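Reading through the structure tokens given below for one structure.
No experiment lies behind these values; they were computed from the predicted model shown. Values reported hereafter were calculated over all heavy atoms of this structure, with side chains retained and with hydrogens, waters and symmetry mates removed.
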Amino acid sequence: QVQLVESGGGLVQAGGSLRLSCVASGSIFSINTMGWYRQPPGKQREPVAAITSGGSTTYADSVKGRFTISRDNAKNTVFLQMNNLQPEDTTVYYCNLEQYGLGRRVYWGQGTQVTVSS
């Protein structure tokens, strides 16, 4: 079993920055992918950014150039540096981890709220 706990959300003005953190614990295999999703009200949950244990990253087009994902493998922690935040970025952000050590397993955190005022 894997547990994910997010932190770092809050209220910021447009153009400001936040840094989200997610700490994973439990039965974590060394080869995995961690990432961030968001789900605006009334919309499907959408991927924001992901990073493999080897450091390969992917980003949604809407956040490229503004957000940066990184991780600390030794601490099983993933970060999302969010710069130049805009009101449309407002929603709950969820951390996830995917691994294949015992077959495909996906885990989710409970989310952290990001609110950007105009």
Side-chain angles (χ1 to χ4, degrees):
Q1 189 66 33
V2 173
Q3 298 79 42
L4 302 172
V5 180
E6 304 100 330
S7 63
L11 174 63
V12 66
Q13 291 185 315
S17 298
L18 287 171
R19 189 183 193 229
L20 306 183
S21 299
C22 173
V23 180
S25 62
S27 301
I28 304 166
F29 289 84
S30 59
I31 300 175
N32 60 68
T33 298
M34 298 185 72
W36 295 92
Y37 285 67
R38 63 188 183 186
Q39 187 171 18
K43 298 183 67 176
Q44 296 281 81
R45 187 171 297 188
E46 61 185 30
V48 176
I51 183 168
T52 69
S53 48
S56 179
T57 61
T58 57
Y59 296 93
D61 287 343
S62 59
V63 306
K64 287 180 180 177
R66 300 190 297 124
F67 292 8
T68 302
I69 190 169
S70 61
R71 64 186 290 165
D72 183 337
N73 290 340
K75 298 180 179 179
N76 292 317
T77 302
V78 64
F79 307 94
L80 186 67
Q81 179 67 45
M82 304 185 293
N83 297 328
N84 192 24
L85 283 161
Q86 301 299 310
E88 52 264 37
D89 297 317
T90 295
T91 189
V92 178
Y93 285 70
Y94 298 90
C95 177
N96 94 314
L97 182 150
E98 184 171 350
Q99 60 186 15
Y100 298 86
L102 296 173
R104 183 173 182 267
R105 297 287 187 273
V106 181
Y107 304 91
W108 295 93
Q110 290 192 309
T112 185
Q113 176 70 45
V114 171
T115 303
V116 185
S117 62
S118 59

Once rounded to the nearest 0.5 Å, what's the spacing between atom [atom1] of [X] and atom [atom2] of [Y]?
X	Y	atom1	atom2	answer
N73	I51	CG	CD1	8.0 Å
Q13	L85	CD	CG	11.5 Å
L97	C22	CG	SG	8.0 Å
T68	F79	OG1	CZ	13.0 Å

Exercise. Just grab all the side-chain hydrogen bond (donor to acceptor under 3.5 Å, both in side chains) pairs involving residues 49-61, residues at least two apart or on different chains.
Key: D61-K64
Self-check item: Any pair counted as side-chain hydrogen bond (donor to acceptor under 3.5 Å, both in side chains), so long as it reaches residues 20-32, sequence neighbours left out
Solution: Q3-S25, N32-R71
Quiz item: Mind checking whether V92 and L80 sit in one hydrophobic cluster, side chains of I, L, V, M, F, W, Y counted as touching below 4.5 Å?
Solution: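 Shared cluster, no.
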Between [Y] and [X], is there a side-chain heavy-atom distance shorter than 4.5 Å?
X	Y	result
L20	V114	yes
E46	T91	no
M34	L4	yes
Q99	V2	yes
Q113	T90	yes
W108	R45	yes

Using side chain to side chain donor-acceptor pair (under 3.5 Å) as the criterion, list what pairs up with [X], not counting sequence neighbours.
X	value
T77	none
S17	N83
E88	none

Exercise. Heavy atoms only: give me the nearest S118-A14 pair and the separation to one decimal.
Key: CA-CB, 4.4 Å
Practice problem: Just grab all the salt bridge (charged side-chain N to carboxylate O under 4.0 Å, His left out) pairs involving residues 100-118, residues at least two apart or on different chains. | Solution: E98-R104
Self-check item: Over 12 foreign heavy atoms within 6.0 Å of CD1, I31
Solution: no
Exercise. Give a yes or no on whether Q39 atom CD has more than 12 heavy-atom contacts from other residues, nucleotides or ligands under 6.0 Å away.
Key: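 Counting other residues, nucleotides and ligands, CD of Q39 exceeds 12 neighbours.
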Quiz item: Would you say the side-chain atoms of E6 pair up with the backbone N or O of T112, donor to acceptor, closer than 3.5 Å?
Solution: no
Practice problem: Going by the side-chain contact (heavy atoms from CB on, under 4.5 Å) test, name the single residue among V78, V63, V48 that passes it with I69. | Solution: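 Exactly one candidate clears the test, V78.
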